[in-house]
Amino acid sequence: ERQPLEYLSEMRQVTILFINLMIVEESSKIELCTTLQKAFDTIYTNAKSMQGCLNKIFMFDKGSTFLVIFGLPGFKHENDCAHALKAAYKMREEVLTIDRILNASIGVTTGSTFCGVVGHPHRHEYTVIGRKVNMAARLMMYYPDKVTCDSETFHHSKLHKGNFISLELKQMKGLANVGQIREYNPSTSTKDTIEE
């Protein structure tokens, strides 16, 4: 609409999902492409059904990673945190049924982030940047094969505390004072949950 790109940039509260998939290393290129396509379909469908936006997919030495954001302009809802956690749990359950995926780790955080256009005018992208984005990525890597979240996501989700397990705090690179980290697992019974 010929509006300046600055109009797309703002600080806003969003909920971030970083999803890491460990795929069998001995996969051929065809097997890898098939696995990634199935994973994409699963993650995209679950994100979309809960009003989230799949923002980025990339491969690096620690597997394949997806970035999903809840609460972007046009997709903001009062219960974004609950939507994000429910979508994350369902994504993880479904991608683990895909051949050649060994495990799936998802970090979920909520907070104020820069949402906007970054990069050179000829090669820019719309993304999110900030401490909570970094924290979601760290949760994904430091708490493998789980859906984990920060205190803000836990609080704002308003989900029953019996669906969460308090986890041991780990020293995460570049982060201090992260608060209580919890695993979201709605199949967990209340009696197995550490009381607050």
Side-chain angles (χ1 to χ4, degrees), residues 8 10 12-23 32-59 63-113 115-116 125-130 132-133 135-137 139-141 143-165 181-188:
L8 296 174
E10 61 183 325
R12 67 184 291 130
Q13 180 165 306
V14 294
T15 299
I16 299 115
L17 273 70
F18 257 107
I19 304 147
N20 180 256
L21 306 178
M22 294 302 294
I23 300 169
L32 180 61
C33 289
T34 301
T35 299
L36 287 174
Q37 183 62 53
K38 288 178 181 176
F40 169 85
D41 293 341
T42 299
I43 291 168
Y44 175 78
T45 300
N46 281 291
K48 186 177 179 185
S49 72
M50 295 299 252
Q51 301 296 306
C53 300
L54 177 57
N55 180 258
K56 194 174 286 149
I57 306 167
F58 49 95
M59 296 279 292
S64 176
T65 301
F66 295 73
L67 171 61
V68 175
I69 309 162
F70 286 78
L72 289 177
F75 297 93
K76 184 74 176 168
H77 297 90
E78 183 180 346
N79 49 1
D80 280 332
C81 292
H83 283 178
L85 287 169
K86 289 176 180 179
Y89 185 80
K90 193 169 179 198
M91 286 172 192
R92 184 174 176 278
E93 292 288 297
E94 291 181 14
V95 296
L96 288 175
T97 67
I98 298 171
D99 287 341
R100 313 194 80 73
I101 293 183
L102 300 173
N103 69 47
S105 309
I106 305 178
V108 185
T109 58
T110 301
S112 181
T113 65
C115 302
E125 63 175 330
Y126 183 88
T127 193
V128 291
I129 299 172
K132 288 295 185 170
V133 179
M135 186 177 181
L139 290 178
M140 170 189 76
M141 297 312 297
Y143 295 92
D145 215 20
K146 299 179 185 334
V147 174
T148 53
C149 70
D150 63 350
S151 293
E152 288 80 3
T153 305
F154 166 75
H155 173 73
H156 293 298
S157 74
K158 299 183 175 93
L159 295 170
H160 191 278
K161 71 178 184 177
N163 294 332
F164 295 87
I165 302 167
I181 304 302
R182 293 172 177 84
E183 177 183 0
Y184 176 67
N185 188 340
S187 66
T188 303

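- Taking CE of M140 as the reference point, atom CG of D145 lies at 13.0 Å (rounded to 0.5 Å).
- With rounding to the nearest 0.5 angstrom, the CG atom of L85 is 9.5 Å from the CE atom of M50.
- Smallest separation of non-hydrogen atoms from C81 and T153: CB-O, 3.8 Å.
- Using a 4.5 Å cut-off on side-chain heavy atoms (C-beta onward), D150 and M135 make contact.
- In this structure, the side chain of H77 does not engage the main chain of N79 through any donor-acceptor pair within 3.5 Å.
- Heavy atoms of other residues, nucleotides or ligands lying less than 6.0 angstrom from CD of E78 number 12 at most.
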The test is side-chain contact (heavy atoms from CB on, under 4.5 Å); show your working for Y184 and V108 and say whether it passes.
CA-CA 10 Å; Y184 176 67; V108 185; over 6 Å; no
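- Here the closest non-hydrogen pair linking M91 and T42 is O-CG2, 4.2 Å.
- Looking only at side-chain heavy atoms (C-beta outward), L159 and F164 come within less than 4.5 Å of each other.
- In summary, the side chains of N46 and S49 do not present any donor paired with an acceptor at a separation below 3.5 Å, with no hydrogens or angles considered.
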List the steps and the verdict of side-chain contact (heavy atoms from CB on, under 4.5 Å) for V14 and F70.
CA-CA 6 Å; V14 294; F70 286 78; over 6 Å; no
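- The two atoms that bring I106 and A88 nearest to each other are CD1-O, 3.2 Å, heavy atoms only.
- With no hydrogens or angles considered, a side-chain donor-acceptor pair links T127 and K56 at under 3.5 Å.
- Of the possible donor and acceptor atoms, none in the side chain of T113 sits under 3.5 Å from a partner among the backbone N and O of C115.
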I69/T15 under side-chain contact (heavy atoms from CB on, under 4.5 Å): CA gap, chis, key distance, verdict
CA-CA 6 Å; I69 309 162; T15 299; over 6 Å; no
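- The structure places CG of D80 at 11.5 Å from OG of S157, a figure rounded to the nearest 0.5 Å.
- Of all heavy-atom pairs spanning T109 and A136, the tightest one is OG1-CB, 3.4 Å.
- Within a 6.0 Å sphere centred on OH of Y44, heavy atoms belonging to other residues, nucleotides or ligands number 12 at most.
- G71 and K76 make their closest contact through O-CD, 3.5 Å (heavy atoms, listed as atom of the first residue, atom of the second, distance).
- Inter-residue side-chain proximity for P73 and E10 is flagged as met; some heavy-atom pair is nearer than 4.5 Å.
- Ring orientation note: the planes of F18 and F58 are nearly perpendicular, at an angle over 60° on the 30°/60° scale.
- Separation of atoms CD1 (I23) and CG (L32) is listed at 5.5 Å; rounding is to 0.5 Å.
- In this structure, I19 CD1 and S105 OG are separated by 10.5 Å, a value rounded to the nearest 0.5 Å.
- Donor-acceptor pairing under 3.5 Å is recorded for the side chains of T65 and N20.
- Pairing each heavy atom of L36 with each of S64, the nearest pair is CD2-OG, 3.4 Å.
- With respect to T110, the side-chain contact (heavy atoms from CB on, under 4.5 Å) criterion is satisfied by exactly one of Q13, H155, K132: Q13.
- Judged as a salt bridge (Lys or Arg N to Asp or Glu O under 4.0 Å), the pairs with a partner in residues 100-113 (not counting sequence neighbours) are, in order, E31-R100.
- Around CG of D41, the count of heavy atoms belonging to other residues, nucleotides or ligands within 6.0 Å exceeds 12.
- In this structure the side chain of F40 reaches within 4.5 angstrom of the side chain of I57, judged on heavy atoms.
- When side chains are defined from C-beta on, V128 counts as touching L67, because their heavy atoms get closer than 4.5 Å.
- With rounding to the nearest 0.5 angstrom, the CG atom of N55 is 7.5 Å from the CG atom of L72.
- Partner of F75 under the side-chain contact (heavy atoms from CB on, under 4.5 Å) criterion, chosen from H83, K48, Q51: Q51.
- Classification of D99 and K38 as a salt-bridged pair fails, no side-chain N sitting under 4.0 Å from a carboxylate O.
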